[in-house]
K.L.:
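For reference, the structure I am asking about is given below.
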Amino acid sequence: MKYYLVTTYTCYCGEHMYHYIAIPEDRSIEEDEFMEIIFGWVAEDAYEWWDDQSEEEFDGDYDAYLGECGYDIEEISEAEYLTYCGKS
């Protein structure tokens with residue numbers, strides 16, 4: 001298995017969430033199946049952070065706000081994955 005930390009974020013400082021995913025060794029994190037999961041996390045986290053300030057700054061245009069959100073992917077060790085996921 002390969003293990004990853006996916007950090008999702010909005011355009012505002014400090015608004016980020018951490019997600020962990022394990023995939024088979026012979027697969028790529030960039031495959032559609034896994035990218036759909038990551039894009040889902042981005043969308044869920046962006047929605048969670050959407051508030052009055054965001055709505056005002058983006059003139060109520062949620063899609064423009066969502067377009068400013070993103071993610072970073074970092075490969076981590078199995079030990080880190082188990083620690084962060086509470087499985088050790």
Side-chain angles (χ1 to χ4, degrees):
M1 297 293 280
K2 294 185 284 189
Y3 306 92
Y4 295 92
L5 162 62
V6 178
T7 305
T8 60
Y9 55 84
T10 73
C11 56
Y12 298 106
C13 182
E15 291 184 352
H16 51 270
M17 301 284 282
Y18 302 106
H19 304 274
Y20 301 89
I21 188 170
I23 67 169
E25 190 70 39
D26 63 339
R27 306 280 304 273
S28 169
I29 190 71
E30 295 177 356
E31 291 179 26
D32 289 345
E33 174 183 353
F34 305 118
M35 292 309 297
E36 285 182 28
I37 294 169
I38 293 169
F39 292 146
W41 287 335
V42 171
E44 289 172 12
D45 296 342
Y47 182 77
E48 185 174 319
W49 287 102
W50 178 252
D51 59 12
D52 292 340
Q53 176 187 353
S54 306
E55 188 169 5
E56 181 178 325
E57 289 183 16
F58 284 88
D59 295 323
D61 187 347
Y62 182 78
D63 290 335
Y65 163 78
L66 185 58
E68 295 292 321
C69 299
Y71 63 91
D72 292 317
I73 300 173
E74 176 185 347
E75 190 165 0
I76 60 174
S77 69
E78 179 180 14
E80 289 173 301
Y81 176 81
L82 294 173
T83 298
Y84 297 131
C85 291
K87 297 181 180 182
S88 69

K.L.:
Any side-chain to backbone donor/acceptor pair from Glu80 onto Ser77? Under 3.5 Å, distance only.
P.N.:
yes
K.L.:
Take atom CD in Glu30; do more than 12 heavy atoms of anything else shown fall under 6.0 Å from it?
P.N.:
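No, not enclosed.
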K.L.:
Restricting to non-hydrogen atoms, name the atom on Glu33 and the atom on Arg27 that form the minimum distance, rounded to 0.1 Å.
P.N.:
OE1-NH2, 2.6 Å
K.L.:
In the structure I gave you, are the side-chain heavy atoms of Trp49 and His16 within less than 4.5 Å of one another anywhere?
P.N.:
no
K.L.:
Does Trp41 form a ring pair (Phe, Tyr, Trp, His ring centres under 6.0 Å) with Tyr71? I'd like the steps, not just the answer.
P.N.:
CA-CA 9 Å; Trp41 287 335; Tyr71 63 91; 9.9 Å; no
K.L.:
Apply the test side chain to side chain donor-acceptor pair (under 3.5 Å) to residues Tyr9 and Glu68: give CA-CA distance (whole Å), side-chain angles for both, the deciding distance (0.1 Å), then the verdict.
P.N.:
CA-CA 9 Å; Tyr9 55 84; Glu68 295 292 321; over 6 Å; no
K.L.:
Would you name the heavy atoms of Ala46 and Leu66 that are closest together and state the gap between them?
P.N.:
CB-CD1, 3.6 Å
K.L.:
Between Tyr20, Tyr3, Tyr18, which is the residue that forms a side chain to side chain contact (heavy atoms under 4.5 Å, CB included) with Tyr84?
P.N.:
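It is Tyr20, the one option of Tyr20, Tyr3, Tyr18 that forms the side chain to side chain contact (heavy atoms under 4.5 Å, CB included) with Tyr84.
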K.L.:
Are the side chain of Asp61 and the backbone N or O of Asp63 linked by a donor-acceptor pair below 3.5 Å?
P.N.:
yes
K.L.:
Side chains of Ile21 and Ile37, heavy atoms from C-beta outward: is any pair under 4.5 Å?
P.N.:
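Ile21 vs Ile37: side chains touch.
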K.L.:
At their closest point, which heavy atom of Met17 faces which heavy atom of Asp45, and how far apart are they?
P.N.:
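Closest approach of Met17 to Asp45, heavy atoms only: CB-OD2, 3.3 Å.
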K.L.:
For residues Tyr12 and Gln53, report the shortest heavy-atom separation together with the two atoms involved.
P.N.:
CE2-NE2, 3.8 Å
